[in-house]
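Here the structure is laid out as structure tokens; the discussion comes afterwards.
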Number of protein chains: 2
Amino acid sequence: MRQNQARRAALLDAAIDVLAREGARGLTFRAVDAQAGVPGGTASNYFANRDDLLTQAGTHVYERLTPDPETMARSLEGPRDREKVLQLMHEVVGRVSAYRAGYLALLELRLEATRRPGLRAVLTPRIRKDVDDNVDYHLSSGLPGDATAVTLLYLAMNWLIVERLTLPDVFGEEQARELVERAVERLIPEV
Amino acid sequence: MRQNQARRAALLDAAIDVLAREGARGLTFRAVDAQAGVPGGTASNYFANRDDLLTQAGTHVYERLTPDPETMARSLEGPRDREKVLQLMHEVVGRVSAYRAGYLALLELRLEATRRPGLRAVLTPRIRKDVDDNVDYHLSSGLPGDATAVTLLYLAMNWLIVERLTLPDVFGEEQARELVERAVERLIPEV
DNA sequence: AACGTAGTACTACATCTGGAGTGGTGTCAA
DNA sequence: TTGACACCACTCCAGATGTAGTACTACGTT
């Protein structure tokens, strides 16, 4: 088992791309090698088996999905009102939709977790933490809306992103924008 | 190409089960044969290729997911108030979660649609129609809440189901129930 | 400066697996 | 008798895996 951490990370990035592009069906060691631009057989030297690869990819996606602290700080500038929440939601939906590969890979991993207890054990606390962090962040930053409101927003926004990424013509871009606005409008109190 | 419709339907049912259990990765002609309990090579005689199989499965899932008219009529008995909406939501979430294979298969198909234009072309109008039907049904039956409210409920409930089916420990059963209640409470006006 | 060693990169191979498709035969019903 | 279908068996093929063997690089030793 090789120890080059930079290369391992590159392979995991490649694995995420492959997951998104080819699906769990296409995630093979050789496909990862090709995507990462390394010689065939390399991934075999870095991961014991498919399960190992998937599990590590699972923890890795989140490191790419979370925004850098700077962006987060900047997004909080100005008054903490409903308008700000709307702005944040647009930002989140935009950011996640933009990292298409990451989000799609995460969906693939969720489905794969259905049959792999090891993967499920990795993803569950990670996502649980994500939800909690979202709520905590929202509450502690003094934005309007309670924990329930934030959670409901989380649910709605996630599915909206799924729709946009998988069947973009079900809700057009304009309609998607409007749904974000309506969701905030109805779930977040106007101070 | 064989014409036996009953057998074709049975093969499609089997395909849905395979999709849910093994994922898109596992959906092969032979796996469908095995699941349907027919001799190897049968599915080859009924579907031209993988793409054909997936597309037909896509249209087929919905026939299994939609509730029978009788159930729907019965669920509307009594006063048309917010309490009734809540009851309907519990019913929907329960019914869909119960048909685990169908819903998971649909998710797999959504992801597969990402790479198969033909499948996307089949799923998009089907799901668009589903959303519209939900809204129309709600409005025309005189339940409280406008089109926006129904759509937002649709979004939130869908993701809640995803959470429950893929990572059941992120939201426990009790918490899921409560989220359904809160969603109705906040999105549907009290007459 | 020459040498040795360890860890890694790269190449190539041998093997394995499983699925696809098809031809042939049996069966049943019109 | 004929046609459509069910069933079985066989061949072919593609892709994935893991590893043995070789080359390279960096670093430490003498």
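Chain letters run A, B, ... following the sequence lines, proteins first and then strands; every chain starts at 1. All heavy atoms count here, side chains included; hydrogens, waters and symmetry mates do not.
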Validation row: A:H60, A:R64 side chains within 4.5 angstrom (heavy atoms): yes

Contact under 4.0 Å: A:R7 side-chain N or O vs C:dC10 OP1/OP2: yes

Atom-pair distance (CG on A:N4; C1' on D:dC24), nearest Å: 14 Å

A:E185 and A:R182 ion-paired at < 4.0 Å: yes

Short side-chain donor-acceptor distance under 3.5 Å, A:D146 and A:H138: no

base_contact_polar (C:dA9 base, A:R2 side chain, donor-acceptor, <3.5 Å): yes

Cation-pi check, A:R2 onto A:F47 ring (under 6.0 Å, within 45° of axis): no

Closest contact, heavy atoms only, A:A113 versus B:L167: CB-CD2, 4.1 Å

End-to-end axis angle, where each axis spans five pairs of the helix from C:dA1-D:dT30 to C:dA30-D:dT1, to 10°: 0°

Sub-4.5 Å side-chain heavy-atom contact between B:R8 and B:N4: no

Test item: B:I127 and B:R110 side chains (from C-beta on) under 4.5 Å apart, heavy atoms: yes

Row check, B:Y62 ring normal vs B:R126 NZ/CZ: under 6.0 Å, within 45°: yes

Gap between atoms CG and P, on B:L11 and D:dC5 respectively (whole Å): 13 Å

Within residues 13-51 of chain A, residues whose heavy atoms come under 4.0 Å of DNA chain C: A:P39, A:G40, A:Y46

